[in-house]
Amino acid sequence: GISMSAISASEEERTAVTVVIFPFQVDNDWRDLDINSKDVDAEKMTRFIRMNELRLVTEYNPVTAVGVMQSSLQLHLLLITDKMSPKHPQRIHSYRTAAEQFKGKILFILVDSNLKSNEHTVSYFKLKKSQLPALAIFHTPDEEHDVLTLDEVSIKRIQDFCNNFLQ
C-alpha cells in the first residue's frame, strides 16, 4: 500500500528527497513529507509513515475483509450506503473529512449495500435497505455496537456519533 519516491539532483545541486504516500482505492489525495528539513529525523519519518499507512476510509469487500479484521484498531465505524446513489460523492467526502479527526483511533469503513457479499454485514446490524444510509460503530473485543440511521451524512453527525460512543 505505501509507495515512496526519492528525487535527487546532481552532486553540485542541493539534494531534494521527498517521501510520498500515494492514495488508496477510496482516498483521493496523497501526503508527502519534505525530508530536507533539518528537524526531520528517523522517528518523525516513521511516525509520518505509520499515520498515513492506513487508508482514511477502507472499502469493505471480500478482499479487504481479512485486513479489516486484523487491524490493530479496535473501533470500527461503518458507513453502510449505496455507492450508486447520486449522493454518494458528497457522503464519502463528509465521511473521509470526519475520518481525519479520528485517525489512529477508529477504522473508517465503507460498506456498499449493493454488494451481495455485504448483505450479512447489513443484517448483522439489523438494518434494512430502506434504512440506509446508516452509521454503525463496532468495538471488536466485546462486539458492543451502536447504529444511527441518517437522512444526511454530515461531518458533524459523524463526529458526534463517534464522540458519544467513545465517551
Side-chain angles (χ1 to χ4, degrees), residues 1-4 20-33 46-167:
I2 294 179
S3 178
M4 293 193 297
V20 180
I21 304 289
F22 286 98
F24 290 96
Q25 186 175 1
V26 182
D27 296 335
N28 65 354
D29 60 345
W30 66 73
R31 312 270 187 249
D32 58 57
L33 172 68
T46 302
R47 190 177 71 226
F48 171 78
I49 292 171
R50 290 235 167 93
M51 281 180 63
N52 290 288
E53 68 186 346
L54 288 174
R55 298 168 175 92
L56 272 178
V57 175
T58 301
E59 187 165 344
Y60 190 80
N61 57 46
V63 177
T64 62
V66 174
V68 166
M69 297 307 169
Q70 292 177 346
S71 169
S72 60
L73 296 177
Q74 296 185 332
L75 272 178
H76 297 177
L77 180 72
L78 289 68
L79 171 60
I80 305 169
T81 188
D82 175 0
K83 275 182 63 179
M84 302 309 289
S85 165
K87 294 181 179 180
H88 180 72
Q90 179 273 325
R91 288 174 183 163
I92 196 68
H93 173 75
S94 296
Y95 195 57
R96 189 178 294 114
T97 302
E100 287 274 4
Q101 180 185 340
F102 298 98
K103 188 185 265 189
K105 296 179 195 160
I106 299 174
L107 182 62
F108 275 59
I109 302 166
L110 172 67
V111 178
D112 183 2
S113 59
N114 291 316
L115 281 185
K116 191 150 185 63
S117 59
N118 288 338
E119 286 176 359
H120 177 72
T121 303
V122 176
S123 66
Y124 177 85
F125 292 105
K126 298 176 178 57
L127 289 165
K128 298 180 183 82
K129 280 201 175 195
S130 61
Q131 295 174 291
L132 302 179
L135 292 174
I137 196 160
F138 185 81
H139 186 240
T140 55
D142 58 15
E143 297 187 8
E144 181 184 350
H145 63 274
D146 195 8
V147 176
L148 175 68
T149 57
L150 301 166
D151 46 350
E152 178 194 351
V153 178
S154 73
I155 297 165
K156 178 151 180 29
R157 301 262 334 251
I158 296 165
Q159 290 172 335
D160 289 348
F161 183 65
C162 290
N163 284 325
N164 288 339
F165 193 83
L166 286 169
Q167 288 170 5

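Rounding to the nearest 0.5 Å places NZ of Lys128 at 11.5 Å from OG of Ser123. Distance check, rounded to the nearest 0.5 Å: CD1 of Ile92 to OG1 of Thr81 gives 8.5 Å. Atoms CG and CD, on Leu166 and Gln159 in that order, are 11.5 Å from each other to the nearest 0.5 Å. From Glu59, atom CD reaches atom CG of Asn118 across 8.5 Å, with rounding to the nearest 0.5 Å.
At least one side-chain heavy atom of Leu77 sits under 4.5 Å from a side-chain heavy atom of Phe161. Between Gln101 and Asn163 there is a side-chain heavy-atom pair separated by less than 4.5 Å. By the 4.5 Å heavy-atom criterion applied to side chains, Ile158 and Phe108 are counted as neighbours. Inter-residue side-chain proximity for Lys126 and Val147 is flagged as unmet; no heavy-atom pair is nearer than 4.5 Å.
Under the side chain to side chain contact (heavy atoms under 4.5 Å, CB included) rule, Tyr60 has a single partner from Leu110, Leu78, Leu79, Val111, which is Val111.
Listed for the Thr64 side chain is a donor-acceptor partner under 3.5 Å among the backbone atoms of Asn61. Distance alone, capped at 3.5 Å, places no donor-acceptor pair between the Lys83 side chain and the Asn114 backbone. Put simply, the side chain of Thr140 gets close to the backbone of Gln74: a donor and an acceptor are under 3.5 Å apart.
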Next on the checklist: As a quick check of understanding, evaluate side chain to side chain contact (heavy atoms under 4.5 Å, CB included) for Leu75 and Lys105, giving each step before the final call.
Outcome noted: CA-CA 7 Å; Leu75 272 178; Lys105 296 179 195 160; over 6 Å; no
Item to check | Evaluation steps, side chain to side chain contact (heavy atoms under 4.5 Å, CB included), between Gln131 and Val122 | outcome: CA-CA 10 Å; Gln131 295 174 291; Val122 176; over 6 Å; no
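The shortest non-hydrogen separation linking His76 to Ile106 is C-CG2, 4.2 Å. Nearest heavy atoms, Ile155 versus Ser94: CG1-O, 3.6 Å. Between Val57 and Ile109, the shortest heavy-atom contact is CG1-C, 4.5 Å. What you find for Pro89 and Ser85 is that their closest heavy atoms are CD-O, 4.1 Å. The two residues Leu107 and Thr58 have their closest heavy-atom pair at CD1-OG1, 4.1 Å. Looking at every heavy atom in both residues, Phe165 comes nearest to Ile137 through CD1-CG2, 3.2 Å.
Using a 4.0 Å cut-off between a side-chain N of Lys or Arg and a carboxylate O of Asp or Glu, Arg91 and Asp82 do not qualify as a salt bridge.
Using a 30° and 60° split on the angle between ring planes, His145 and Tyr124 fall in the tilted class, from 30° to 60°.
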